[in-house]
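Numbers restart at 1 for each chain; the letters A, B, ... are given by sequence-line order, proteins then strands.
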There are 2 protein chains.
Amino acid sequence: MTTPASERSEPTASIDDALRRLRQSGGRITSAKQALIEFFFTAEAMLTAEQIGALHPDVDNSTIYRCLSQFEELGIIEHVHMGHGAAVYRRGGTPTAPITCVVCGRTEQTPISLLLPLVSAIEEETGIDVDLVHFPLSGRCIRCRSDVRAI
Amino acid sequence: MTTPASERSEPTASIDDALRRLRQSGGRITSAKQALIEFFFTAEAMLTAEQIGALHPDVDNSTIYRCLSQFEELGIIEHVHMGHGAAVYRRGGTPTAPITCVVCGRTEQTPISLLLPLVSAIEEETGIDVDLVHFPLSGRCIRCRSDVRAI
DNA sequence: TTCTTTGCAAAATGTTTGCAGATAC
DNA sequence: GTATCTGCAAACATTTTGCAAAGAA
């Protein structure tokens with residue numbers, strides 16, 4: 001369901017491109033899918049399936065999940081496990097890795113290019129090509145580090 | 001519930017040490033807690049709450065969860081979110097960070113000291129002191145990278 | 001005796017699935 | 001016409017919670 005940065009699938013360049021990919025795989029273009037794809041091409045933030053569902057009240061949540069997983073198989077979108085709680089979704093192939101503060105929840109989108117040296121170093125030391133998108137880094141931001149309160 | 005590597009609580013050195021910490025916090029020593037603490041001082045692998053519960057059939061799962069969270073507040077244990085699925089638990093203050101292959105599930109325990117330069121680099125770039133224990137790195141190991149099959 | 005802990009059952013959360021009818025092509 | 005898709009309801013997995021009885025100090 002996810003692939004290391006080094007071999008992510010090509011991002012879909014446009015709504016039509018995504019719909020084309022969907023059609024080519026044997027999928028049908030329904031109004032739900034159309035709406036969801038449009039959503040991903042205009043969304044500013046990464047949202048959970050439930051949040052996306054709330055924006056599309058005429059579409060059942062099970063349909064939301066089924067569409068999302070279909071889109072994901074086609075590389076149109078990808079999901080990110082941010083800390084505890086539900087996964088969030090965004091367009092596939094986005095060249096940034098989220099880094100989150102577990103205390104305040106603030107998320108930095110860090111260019112993957114910036115993190116590649118770290119990824120290489122980890123790979124050399126452990127043999128594992130880490131995927132910083134699917135399971136992103138998290139910790140405490142400067143602001144929250146001075147806070148004493150527990151997480 | 002978790003703290004960056006730079007300020008993790010002192011690990012408990014022995015079963016008695018852990019029980020002492022428990023008592024000092026106002027907790028009572030019950031047979032369930034005794035058994036669980038003993039478990040953590042002899043366990044070789046990190047297990048989920050459910051797996052730990054299966055090893056203690058006389059203890060209800062809700063009690064398992066309550067004990068685990070009490071132990072965690074005292075720094076006796078810590079939990080790790082390994083990929084999808086349930087969290088796994090281990091003794092607190094362990095000086096290694098797990099790195100997991102999402103394909104085969106194999107986990108390397110990497111010395112935190114080895115990862116500190118990376119943590120520093122990320123902190124310099126993002127201002128976030130990443131916690132590689134609570135939300136560990138994951139990716140694909142060499143063996144699985146040659147595999148074509150999807151995750 | 002007092003406060004903590006336990007078991008049980010139920011709820012909460014996030015996600016998946018079976019099925020019968022609706023829809024795209 | 002046929003395969004895909006949908007809504008609904010129900011299951012599922014993990015974790016949390018309310019409550020009354022049991023146990024530790």
Side-chain angles (χ1 to χ4, degrees), chain A residues 1-2 16 18-37 46-74 76-89 105 134-135 150-151, chain B residues 1-2 18-37 46-74 76-89 105 134-135 151:
Chain A
M1 240 170 219
T2 298
D16 282 350
L19 294 176
R20 202 173 306 125
R21 204 181 282 194
L22 182 51
R23 211 177 288 116
Q24 276 174 354
S25 75
R28 314 246 157 122
I29 314 281
T30 65
S31 55
K33 292 184 191 173
Q34 197 124 18
L36 286 175
I37 298 226
M46 306 188 291
L47 300 186
T48 66
E50 208 192 357
Q51 290 170 321
I52 296 170
L55 297 176
H56 301 89
D58 45 330
V59 181
D60 190 80
N61 266 8
S62 67
T63 302
I64 300 276
Y65 278 107
R66 281 187 274 226
C67 289
L68 293 179
S69 94
Q70 186 183 40
F71 295 171
E72 193 152 24
E73 259 156 43
L74 297 172
I76 297 169
I77 66 170
E78 62 197 7
H79 75 273
V80 177
H81 295 278
M82 305 256 293
H84 304 93
V88 294
Y89 293 80
H134 190 198
F135 291 109
I151 307 174
Chain B
M1 243 173 218
T2 298
L19 293 176
R20 201 174 304 125
R21 202 180 282 193
L22 183 50
R23 211 177 286 113
Q24 276 174 353
S25 75
R28 314 254 155 114
I29 314 279
T30 65
S31 55
K33 290 184 192 174
Q34 196 123 18
L36 286 175
I37 298 227
M46 307 187 292
L47 299 187
T48 66
E50 210 194 354
Q51 291 170 321
I52 296 170
L55 296 176
H56 301 89
D58 45 330
V59 182
D60 191 81
N61 266 8
S62 69
T63 302
I64 299 277
Y65 277 108
R66 281 188 274 225
C67 290
L68 292 179
S69 95
Q70 186 183 39
F71 296 170
E72 192 151 26
E73 260 156 42
L74 297 171
I76 298 170
I77 65 169
E78 61 196 10
H79 74 273
V80 177
H81 294 280
M82 305 256 293
H84 305 92
V88 294
Y89 293 80
H134 190 195
F135 291 108
I151 308 173

Inset, instruction - List in chain and number order the residues that pass ring-ring contact (aromatic ring centres under 6.0 Å, His included) with A:F135, two or more places apart in sequence or in another chain; answer none if no residue qualifies. - result: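 For A:F135, the residues satisfying ring-ring contact (aromatic ring centres under 6.0 Å, His included) (neighbours in sequence not counted) are A:H81, B:H84.
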Inset, instruction - Ignoring backbone atoms, test whether A:Q70 places a side-chain nitrogen or oxygen under 4.0 Å from the OP1 or OP2 oxygen of D:dT4. - result: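 Result: no.
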Using whole Å, report how far [atom1] of [X] lies from [atom2] of [N].
{"X": "B:E73", "N": "C:dT4", "atom1": "CD", "atom2": "P", "result": "13 Å"}
{"X": "B:I64", "N": "C:dT5", "atom1": "CD1", "atom2": "C1'", "result": "13 Å"}
{"X": "B:L74", "N": "C:dT4", "atom1": "CG", "atom2": "P", "result": "14 Å"}
{"X": "B:I52", "N": "D:dT15", "atom1": "CD1", "atom2": "C1'", "result": "14 Å"}
{"X": "A:D58", "N": "D:dG7", "atom1": "CG", "atom2": "P", "result": "8 Å"}
{"X": "B:L47", "N": "D:dT14", "atom1": "CG", "atom2": "P", "result": "13 Å"}
{"X": "A:E50", "N": "C:dT15", "atom1": "CD", "atom2": "P", "result": "9 Å"}
{"X": "B:H84", "N": "D:dA13", "atom1": "NE2", "atom2": "C1'", "result": "14 Å"}

Inset, instruction - Determine whether the side chains of A:R66 and A:S62 contain a donor N or O and an acceptor N or O closer than 3.5 Å. - result: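 Yes.
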Inset, instruction - Return the nearest nucleotide to the side chain of A:T63; candidates are C:dG14, C:dT6, D:dT6. - result: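 Between C:dG14, C:dT6, D:dT6, the one nearest the side chain of A:T63 would be D:dT6.
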Inset, instruction - Please name all residues satisfying side-chain hydrogen bond (donor to acceptor under 3.5 Å, both in side chains) with B:E50, sequence neighbours left out, ordered by chain then number. - result: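 So B:E50 forms no side-chain hydrogen bond (donor to acceptor under 3.5 Å, both in side chains) with any residue.
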Inset, instruction - Return the set of residues passing side-chain hydrogen bond (donor to acceptor under 3.5 Å, both in side chains) with A:T48 (not counting sequence neighbours), or none when no residue passes. - result: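 With sequence neighbours excluded, A:T48 shows a side-chain hydrogen bond (donor to acceptor under 3.5 Å, both in side chains) to A:Q51, given in chain and number order.
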Inset, instruction - Please name all residues satisfying salt bridge (Lys or Arg N to Asp or Glu O under 4.0 Å) with A:R20, sequence neighbours left out, ordered by chain then number. - result: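 By the salt bridge (Lys or Arg N to Asp or Glu O under 4.0 Å) rule, A:R20 matches A:D17.
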Inset, instruction - With sequence neighbours excluded, tell me which residues meet side-chain contact (heavy atoms from CB on, under 4.5 Å) with A:L55. - result: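 For A:L55 the side-chain contact (heavy atoms from CB on, under 4.5 Å) partners, ignoring immediate neighbours, are A:F39, A:L47.
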Inset, instruction - For each nucleotide in nucleotides 17-25 of chain D, reading 5' to 3', give B when a protein heavy atom comes within less than 4.0 Å of its base, S when such contact involves only the sugar-phosphate, and - otherwise. - result: BBB---BBS
